[in-house]
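See below for the structure under consideration.
Lettering follows sequence order; numbering is per chain, from 1.
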Amino acid sequence: MNIYVLMKRTFDTEEKIVIENGRVSDDGVNFIINPYDEFAIEEAIKLKDAHGGEVTVVTVGSEDAEKELRTALAMGCDKAVLISTEDVEDTDQWSTAEILAAYFKDKSFDIILGGNVSNDNGTGQIGPRLAEKLGIPHVSTIVKLEINGNQATIERDAEGDTEIIEASLPLLVTAQQGLNEPRYPSLPGIMKAKKKPLEVLELDDLDLDEDDVEAKTETVEVFLPPKKQAGRILEGDADSQAKELVRLLKSEAKVI
Amino acid sequence: MPRKTLVLAESRDGQLRHVSFEAIAAAKKIADGGEVVGLLVGAEIGAEAKVLGHYGADRVIVVQNEALKYYTPDGYKQAVKHVIDLEEPDAIVMGHTSIGKDLAAGLAARLDSALISDVTSIEENGGDPLFIRPIYSGKAFEKKRVKDGLIFVTVRPNNIDALEKDESRDVDVAHVDVAIKDLRTIVKEIVKKTTSGVDLTEAKVVVSGGRGVKSAEGFKPLYELAEVLGGAVGASRGACDAGYCDYSLQIGQTGKVVTPDLYIACGISGAIQHLAGMSNSKVIVAINKDPEANIFNVADYGIVGDIFEVVPLLTKYFKEVLQEA
């Protein structure tokens, strides 16, 4: 099987957000593989183990993402591709889908996997956009994937309910939490990853100009939510605390 | 400049979802005096089409087709694209729901357009609307605009106020036939897991449990409290990882982001990854044994105590108060 995984480098979920000069600062920030993309990587490796073939992990963005790509290679991916957008002023989800579509134009693939959402921008647009651009079907937020020959049987999370879906390859799927338990890279895996191929591409290599992928949206401002006032700790025994809380929620906060 | 704005509404079992009314209110802000057209897509659509008018739609289009019984990206893209070609709207609004977020992204690619997802508020800005949306799961916000062309947005449930219902508004409902063909993904079956019927991201009240709930059985009193309040049950990553509940209940930076009117955190320590998913709730209550728990830093009201003692008492007193009302 020819398997591709889309990966994004994001802030560690434990990071606090600091805004500097109107942008989110990445000074001293610990980066990770977007957690939903980790599920996609794990599933891709499992598919390879079951059906044979090759897993290529692809990212679009900063060249610093080499570190996260190496982690994906250490987990078991075979090849990595980094499409650098360092020279592009501003990209949005439209841009990223254009770039990925240009990359996949001359590739043959059976399945493309990605996370259903990134934990930074959180739009969930890339998977469905790319599938549309490539003219292949997609299923988002999957929690189970079985492939038999050309046929995929998928369980998909739809707001808590599970849909059982059938589709044929080639196909794009996006991972939801619960799909699997991502493995940690093993020590031999980490050693091997250093020697695995990692290709860095510029937009030029994809026959794209910066103008071709300039964002269609513009960020006017970035700001932090207002700081919450310290709350009130209720006194007394459990019974009077519960009674007082119900009273406050009704007459003071007016939420019931 | 007035904009004709198309709103994709969603109904479930003949009932419109509240987020659809919120989407109409959002559309009014974007439309700048232009017409707001409601759209319903499905296998069986009845009287609910008129209700979109009560909440502000100027007219309604219905696409009814047996092949649209379940959501599939192919079927819904075909139906909505057909209506877009007929109506040529200047703006499109959908709810940021399971259907809306998936459909909007694919459709934006088909239309070669921008899409601003998961909008929580809109500034009209003299006809050049600005869209505010959370980033880093609500740890920060960004304000965005579409440079030019179609304005396409999805709005997060529970954030934009719906307009007041006006049943005297009797609007035109037009049926449009669309041939739906070549579905490449087939929904074989839907396994219902949600017991209460209240969706977590749309619930006005969320009762959430953490490691302090100790077991799957321990969630029982939380479900009882949620039921009395007409709310949904959520969980922290700790509770999901420990196997106390399904991952579909997880709230946090990995998991769902919720903004209910009332969030009751039971036995949740308040790791930053959890706070990202709930700290923009209107009112937060924390119940935890540990007075030093981080959750108390974001709570409006805190009770230091045993959840197994406090939660059943809350259920009892809420029941009393709600019966009086």
Side-chain angles (χ1 to χ4, degrees), chain A residues 11 13-14 16-17 19 24 35 92-94 97 119-125 128-129 131-133 137-140 157-167 177-178 216-225 228 230-234 238-239 241-243 245-246 248-250 253 255-256, chain B residues 73 98 101-102 105-106 108-110 114-118 130 135-137 139-147 184-194 199-200 247-248 250 253-255 261-262 272-273 280 282-283 285 296 298-305 309-310 313-314 317-318 321:
Chain A
F11 281 29
T13 51
E14 296 297 320
K16 287 208 167 81
I17 303 299
I19 292 170
V24 174
D92 62 6
Q93 293 74 36
W94 175 84
N119 71 4
D120 46 13
N121 286 327
T123 70
Q125 290 185 26
R129 272 189 185 268
E132 172 69 28
K133 297 283 298 179
H138 82 271
V139 181
S140 57
D157 167 45
E159 293 177 352
D161 293 334
T162 304
E163 294 177 357
I164 319 278
I165 292 176
E166 284 182 0
Q177 183 156 38
K216 284 184 181 284
T217 57
E218 173 188 359
T219 304
V220 181
E221 196 189 336
V222 179
F223 57 96
L224 296 176
K228 273 214 118 151
R232 197 148 118 201
I233 300 292
L234 305 180
D239 192 75
Q241 285 171 323
K243 226 183 222 165
L245 178 64
V246 172
L248 287 167
L249 290 175
K250 184 163 190 271
V255 285
I256 58 157
Chain B
S98 177
K101 63 183 158 196
D102 193 57
R110 188 165 292 188
L115 171 64
I116 300 182
S117 299
D118 204 16
L130 299 174
I135 50 176
Y136 300 91
S137 310
K139 289 180 193 169
F141 287 82
E142 62 178 359
K143 195 182 278 186
K144 298 201 80 163
R145 61 182 287 277
V146 175
K147 285 180 186 167
R184 295 171 298 178
T185 61
I186 309 293
V187 179
K188 287 298 202 192
E189 193 188 338
I190 296 184
V191 184
K192 297 262 180 207
K193 274 204 202 156
T194 37
D199 177 59
L200 194 51
Y247 277 114
S248 61
Q250 184 172 322
Q253 189 151 5
T254 45
D261 290 344
L262 175 60
I272 187 163
Q273 107 94 22
N280 293 306
K282 285 186 194 102
V283 174
V285 170
F296 288 118
V298 299
D300 299 281
Y301 304 106
I303 291 179
V304 178
E309 193 179 350
V310 175
L313 286 167
L314 285 175
Y317 290 125
F318 275 124
V321 166

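- Both the backbone and the side chain of A:A238 come within contact range of chain B, judged by heavy atoms closer than 4.5 Å.
- B:F141 and A:F223 have parallel rings, their planes meeting at less than 30° on a 0 to 90° scale where 60° marks the start of perpendicular.
- Between atom CG of residue B:L115 and atom OG1 of residue A:T217 there is a gap of 9.0 Å, rounded to the nearest 0.5 Å.
- Listed by chain and residue number, A:E214 satisfy the salt bridge (Lys or Arg N to Asp or Glu O under 4.0 Å) test with B:K147 (two or more places apart in sequence, or in another chain).
- Per-residue counts of heavy-atom pairs under 4.5 Å with chain B were compared for A:K250, A:Q241, A:Q177, A:Q93; the largest is that of A:Q177.
- The candidate with the highest count of non-hydrogen atom pairs below 4.5 Å against chain A, out of B:A108, B:S117, B:S137, is B:S117.
- The parts of A:I233 that come within reach of chain B are both its backbone and its side chain, each placing non-hydrogen atoms under 4.5 angstrom from that chain.
- Note that NE2 of A:H138 is 3.5 Å distant from CG of B:D102, once rounded to the nearest 0.5 Å.
- When the candidates B:V187, B:D118, B:T254, B:V285 are compared by the number of heavy-atom contacts under 4.5 Å with chain A, B:T254 comes out ahead.
- Taken to the nearest 0.5 Å, the NZ atom of B:K139 stands 11.5 Å off from the CG atom of A:L224.
- Residues satisfying the salt bridge (Lys or Arg N to Asp or Glu O under 4.0 Å) criterion with A:E166, sequence neighbours excluded, are B:K188.
- The most heavy-atom pairs under 4.5 Å with chain A, out of B:D300, B:T185, B:I135, come from B:D300.
- The part of A:V139 that comes within reach of chain B is its side chain, from C-beta onward, which places non-hydrogen atoms under 4.5 angstrom from that chain.
- Proximity to chain B (any heavy atom under 4.5 Å) is shown, for A:A158, by both the backbone and the side chain.
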